There are 2 protein chains.
Amino acid sequence: MPAETSQARRFGKTRAAQAQALLEDYAELIADLLACDGEARPTDIARRLGVSHATAIKTIGRLKREGLATSLPYRGVFLTPAGEALANKVRTRHRLVVAVLIAIGVPAEAAEQDAEGIEHHISPATLRAFSAFLKQYAGGAP
Amino acid sequence: MPAETSQARRFGKTRAAQAQALLEDYAELIADLLACDGEARPTDIARRLGVSHATAIKTIGRLKREGLATSLPYRGVFLTPAGEALANKVRTRHRLVVAVLIAIGVPAEAAEQDAEGIEHHISPATLRAFSAFLKQYAGGAP
DNA sequence: ACCAATATGTAGCCTGTGCTACAATTTGGT
DNA sequence: ACCAAATTGTAGCACAGGCTACATATTGGT
């Protein structure tokens, strides 16, 4: 297997991760809105994400196509069990990334900003390492 | 300033970072090829990135439009000073991210893979923190 | 010198994610 | 009950990045 193959595979994975990233963000936000407000309306989603409501509605359509969300016209958006699971995974991972960045010494504001982009590229192996690191760090310097 | 504004701004920044990410990858790879082989041919770039040569050529066109690269037909691609500067920045940042991940305990292979996606979302503040963390880590456990 | 293989470039299409503009529905105030 | 405002949905466009197919140029072997 030539050397460039592994690099190409890495780039390909990185590209594929971007496609999933938007769905993850939407799922997390919808779960957040449902928990806080009891409903997730397209307009609120759009405002929180900084996109037009038309864009939000189209992406919600993609969530529905992929079996992550359901919605009835004029009745808000809800998550399927798969969507809930994704949202939980994303939320947990997001918090972990922020915590690790802060533990390393990144200012809180930058940690929040960067985690938004970083979190979608964290593999399970890295996630485990982050978790272990946090435990050790908390034990060493409480 | 309402709470959703800052979240929207974060998402917007994250989206904008994705547009820059491809250019960064190309610049880094072109610099690498120039250093190793003395030339950077579209076909090699395409193979290393795992895309078709047509895609590579189109993206090279974008690099040229943005003043990062030059090329003459059938004569390979070269970086402008701006392109070189970008490549250097990216290479340094990439190594730093990998080093930090490994220091935290991420397996080397996962560190390489994840760094590919992570590195484009590292702000200057986080970069400084990473650098400082590495120094401290090297001092504490050599 | 020539022809085949390789490399490069061009054209046209698809998908995803954005947007604006317009249409339709629901909600709320009077 | 009704009209205005807000919300939701739809249509059509642009751009980026991916692809295949085809056209052109260069290189190298005989």
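All figures in this text were calculated on a predicted structure; none of them were measured in a lab. Labels below follow one simple rule: chain letters A, B, ... track the order of the sequence lines, proteins then strands, and each chain is numbered from 1. In what follows, every heavy atom counts, from backbone to side chain, and hydrogens, waters and symmetry copies are set aside.
Here dG18(D) presents its P atom at 11 Å from CZ of Phe11(A), a figure rounded to the nearest Å. Note: CD1 (Ile57(A)) to C1' (dA6(D)) measures 13 Å, nearest angstrom. When rounded to the nearest whole Å, the span between CZ of Arg75(A) and C1' of dA6(D) equals 14 Å. We find that CD1 of Ile60(B) is positioned 9 Å from P of dT8(C), with the value rounded to whole Å. Between the P atom of dG28(D) and the OH atom of Tyr74(B) lies a distance of 15 Å, rounded to the nearest Å.
A single hydrophobic cluster is not seen to contain both Ile122(B) and Val98(B); linkage of ILVMFWY side chains at heavy-atom distances under 4.5 Å, directly or through other members, places them apart. A continuous path of Ile, Leu, Val, Met, Phe, Trp and Tyr side chains, each step under 4.5 Å between heavy atoms, connects Leu49(A) with Leu34(A), placing both in one hydrophobic cluster. Transitive grouping of hydrophobic side chains (ILVMFWY, heavy atoms separated by less than 4.5 Å) keeps Phe133(B) and Ile102(B) in distinct clusters.
Listed by chain and residue number, Val51(A), His53(A), Ala56(A) satisfy the side-chain contact (heavy atoms from CB on, under 4.5 Å) test with Ala46(A) (two or more places apart in sequence, or in another chain).
Counting heavy-atom neighbours within 6.0 Å of Glu109(B) CD, excluding the residue itself, gives a total of 12 or less.
Applying a 4.0 Å cut-off to non-hydrogen atoms, the residues of residues 36-45 of chain A that approach DNA chain D are Arg41(A), Pro42(A), Thr43(A), listed by residue number.
In the model, His120(B) has a side-chain atom that pairs as donor or acceptor with a side-chain atom of Glu24(B) under 3.5 Å.
Rounding to the nearest 0.5 Å gives a distance of 11.5 Å between CZ of Arg47(B) and CD of Gln7(A).
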(request) List the protein contact pattern of nucleotides 13-21 of chain C with one symbol per nucleotide (5' to 3'): B for base contact, S for sugar-phosphate-only contact, - for none; contact means a heavy-atom distance under 4.0 Å. (result) ---SSBBB-
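Side chain of Ser131(A) to backbone of Leu127(A): no donor-acceptor contact under 3.5 angstrom is found.
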